[in-house]
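Indexing begins at 1, ligand by ligand and atom by atom, following the structure's order.
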Amino acid sequence: MTERPVELLGLTRSKLAVALQPIIDRPFRVGQIYDAIHLKGVRSIAAITTLRKDLREQLNQGFVVGLPEVAALHTSSDGTRKFLFSLHDGATIEAVDIPDRGRHTLCVSSQAGCALACRFCVTGFWGAGRNLSAGEIVAQVYAIRFGTPPLEPSLNLVFMGMGEPLLNLENLREALEILSEEISLRRITVSTAGVVPGIEAMAGWERRPNLAVSLHAPDDERRDRIMPINKSYPIASLLQALERFPLEKGRRITFEYILIRDFNDSLADADALARLLKRIPSKINLIPANPDPVLGEMMVPPRESSIRAFQQRLMDRGYTATVRRRRGDDVSAACGQLRAPS
Ligand code: SAH
C-alpha cells in the first residue's frame, strides 16, 4: 500500500519545520509555505508561487495541502450555511456558518460521529465515529473562510459541531495552536459534555480557549437520564474540576442548558441551577430543545413563557443568562441536528 501524503494544513509551525527538513534549502521556506497555507488559503502546492518550481515539485511527492471539497452545501432562509465534507476514508462531517450582523460564527466538528449518546442529540443517536486529525479540524474552518465569499479573519469559532472535543484532546490542541495564530483564543470556545479528565488536562495548557459545558439538568437523577456520561462524571465531580479551571480576569465558563418542556424548565429548576453554579464564574446559555424525528417524544420545546420566566429567574439570582436563538433549523443545521449520514 502506498502511504497517504502528509496534509500540510494540520502541521503546526514546529512540525512543519521538521517535516520539511529533508526537502528545503533554507529555513525561511518553512514560513513561506506556512503563510501561503494559513494566511492565503492556497488549495494546492502548485499555487504556492513564492516557492521555486523545483521545490514545489519535490513537495508534491509527499505532501498535499489537505483542503477538502465541499460535498454539499445547504443554505437556510436565515442565512445559516451547513457544509458537508467527505473525508479521505469516506467519513462525513458537518460544519455550520452562522452569520450575525456581519460577524460570522463557525461551528465545527471534532469527531466524525459521537460515542456519548446523549438522548437529545442526533449525532449521538447515530453513534461513534473516529477522531478528526488536526488538519481535518483546521480544514473545516479554511474551507469556509477561504470559500466563496471569503470571510474576514475576525470570526468566532465554536467547537459545538459533531463529536466530543475533549475526547480528541491532542488533535484539538494542535488545531488550536494553528488556528489561534489568526483567530484570538478569546473568540474560540470549546464545548464539552463534561469529560472531567479532559477539563483537567486543558486546565494545564499554557494557552486556553473559552470553555463551555453542556449541563442540561440540575441534578444527577435527571442528568443520568439524558446524558449517559453523567454516570462516569457526576455533577459534583464536574463542578469540582470547573472550580479549579484557571480563568483569566473577567472570563467566565459558559453553561449550556437545553430547556425541555416539563422536564427541566420549571422555576424550581432555575433555582437549583443557580445554587449549583454559585461558586463558579458563569454565564448561562439557554437552548430551547430542537426536536427531531429520531429523538422520540421527549424532546418537546419549552413554552415561550417558560423560557422567559426561566431566564428572568436566573437574572434575578445575579446570572447572565441568554437564550440561544434557533438558527438554520430548516436545513437541520441547528444544535443537536448534525448527522452527516454517509
Ligand atoms: N460534545 C460537546 C460538543 C457538541 S455541542 C458538548 O456536548 O458540548 C452541541 C451543543 O448542542 C451542546 O450544547 C448540546 O447539548 C446541544 N444540543 C444537542 N442536541 C440538542 C437539541 N436537540 N436541541 C438543542 N440543543 C442541542
Q: Between Arg339 and Glu94, is the closest basic N to carboxylate O distance under 4.0 Å?
A: no
Q: Among Phe125, Phe159, Phe120, which one has a heavy atom closest to atom 22 (N) of ligand 1?
A: Phe120
Q: Given that the side chain starts at C-beta and the backbone is N, CA, C, O, which of these parts of Val213 lies under 4.0 Å from ligand 1, counting heavy atoms, or is it both or neither?
A: neither
Q: Quick check: Arg324 and ligand 1, any N/O pair under 3.5 Å apart?
A: no
Q: Near Cys121, which atoms of ligand 1 are under 4.0 Å from a heavy atom of that residue?
A: 18 (C), 19 (N)
Q: Under 4.0 Å from a heavy atom of Asn290: give me the atoms of ligand 1 that qualify, with their elements.
A: 21 (C), 22 (N), 23 (N), 24 (C)
Q: Gly163 heavy atoms, cut-off 4.0 Å: which ligand 1 atoms fall inside?
A: 1 (N), 2 (C), 3 (C), 4 (C)
Q: Please state which option from Ala212, Ser191, Gly161 has its nearest heavy atom closest to atom 4 (C) of ligand 1.
A: Gly161
Q: With a 6.0 Å cut-off on the ring centroids, do Tyr142 and His38 count as close?
A: yes
Q: Ignoring hydrogens, what is the shortest heavy-atom contact between Thr148 and Arg81? Give both atom names and the distance.
A: O-NH1, 3.5 Å
Q: Indicate, as side chain, backbone, both or neither, the part of Met299 found under 4.0 angstrom from ligand 1 when only non-hydrogen atoms are considered.
A: side chain
Q: Could you tell me whether Arg173 and Glu170 have a side-chain N and a carboxylate O separated by less than 4.0 Å?
A: yes
Q: Just go through Ile226, Ile258, Leu167, Leu116 and tell me whose heavy atom is the nearest to atom 17 (N) of ligand 1.
A: Ile258
Q: Assess His216 for proximity to ligand 1: is some non-hydrogen atom of it under 4.0 Å away?
A: yes
Q: In sequence, state the C-alpha distance, the side-chain angles, and the governing distance for Asp271 and Arg317, and then conclude on salt bridge (charged side-chain N to carboxylate O under 4.0 Å, His left out).
A: CA-CA 8 Å; Asp271 289 336; Arg317 299 260 180 272; 2.9 Å; yes
Q: Testing Tyr257, Phe120, Phe263, Phe255 for ring pair (Phe, Tyr, Trp, His ring centres under 6.0 Å) with His216, which one passes?
A: Phe120
Q: Would you call Asp329 and Arg326 a salt bridge, using N to O less than 4.0 angstrom?
A: yes
